[in-house]
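Single-structure report; data block below.
Every number for a ligand or one of its atoms is a count from 1 in the order of the listing.
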Amino acid sequence: MKTTPVIQVRDVEMSYDTPDGTATILKNCDLQIREGEFISIVGRSGGGKTTLLRIVAGLLTPTAGEVTIKGNPVQEALNDLAMVFQKPVLLPWRNNIGNILLPLEFRGKVTPKMKRDAQDLLELVGLADAGSKYPYELSGGMQQRVAICRALVSHPQIMLMDEPFGALDAMTRDTMNLELQRIWAETGRSILFVTHSIPEAVFLSDRVVVIGDKPGRVIADIKIDLPRLRTREHRFSPEFAAYEHQVAELIGVKEGIS
Ligand SMILES: Nc1ncnc2c1ncn2[C@@H]1O[C@H](COP(=O)(O)OP(=O)(O)O)[C@@H](O)[C@H]1O
Ligand SMILES: [Mg+2]
């Protein structure tokens, strides 16, 4: 028996009226994500990746086509979703625990159990001592981990992440990739992850979806058949390199994108 996909994007189109006429950003976009899958979206800058993620999150309404979450319109499933933006967007006047608990406060009373959960999440991302500190006391990478805790605290079944590690240095990014893989494995979430790093996409994903540009649409959907959990060493295997090469060829670049 086939289960309903967690996310189903059907024939989505997104156009804007501009002074120069209609700009079609996405056209005939189709995508399916099954429960517990980790899917990355890669493609050239300006190709419509953020637009697609915002449509899936219900933040933008597509010009045509539809997105369903477990068979329902996205607007009815917002409690199942959490989004991590490229910047952490933490409130500077709230300490880190206060920032993590914010989405729960919006929904009602914060219980002692929720506070314990928030602290557990900080431990999960290696920031056990950061709860009573303020965002400015943390590095950019640490702040992004707090933002990830804020996304996880409401136990979303689906996490949408838009280049969450784009601003990090290479070493921190590497560590965050390992941590995200661990969080994903431990929590069983479905994750839709946008990145412009081909190695990051190959390392993290069950499938890498390549978006072609002008207009943006899915041009390839590549199953990454590498064992889990992946380690740093996997990055140096010939299989890993072959996937990187395949994705790079599809995007039309030799090394990385940016
Ligand atoms: N409100 C808007 N009006 C007109 N064009 C837009 C609007 N929002 C985004 N775009 C255009 O859509 C294209 C895709 O943007 P985006 O989804 O951010 O791409 P990516 O995330 O792949 O870099 C860009 O060319 C951008 O200028
Ligand atoms: Mg973007």
Checklist entry - So, Gln119 side chain and Ala128 main chain: donor-acceptor pair closer than 3.5 Å or not? => result yes
Checklist entry - Between Tyr243 (side chain) and Asp225 (backbone), is there a donor-acceptor pair under 3.5 Å? => result yes
Item to check | Residue shell around ligand 1, heavy atom under 4.0 angstrom | outcome: Tyr16, Ile25, Arg44, Ser45, Gly46, Gly47, Gly48, Lys49, Thr50, Thr51
Checklist entry - Applying salt bridge (charged side-chain N to carboxylate O under 4.0 Å, His left out), which residue pairs with at least one partner in residues 202-212 are found, sequence neighbours left out? => result Glu37-Arg207, Asp206-Arg228, Arg207-Asp221
Next on the checklist: As a test of understanding, state which of Asp80, Thr187, Asp117, Asn79 forms a side chain to side chain contact (heavy atoms under 4.5 Å, CB included) with His155.
Outcome noted: Asp117
Checklist entry - Do Arg10 and Asp30 meet the salt-bridge criterion of a basic N to acidic O distance under 4.0 Å? => result no
Checklist entry - Can Asp162 and Thr50 be counted as having a side-chain donor-acceptor contact under 3.5 angstrom? => result yes
Item to check | For the Mg ion (ligand 2), every protein N/O/S atom that sits closer than 2.8 Å, waters excluded | outcome: Thr50 OG1
Item to check | Leu229: hydrophobic cluster co-members (side-chain, 4.5 Å) | outcome: none
Checklist entry - Would you call Glu163-Lys87 a salt bridge at under 4.0 Å N-O? => result no
Checklist entry - Does Arg230 use its side chain to pair, donor to acceptor, with the backbone of Leu178 at less than 3.5 Å? => result no
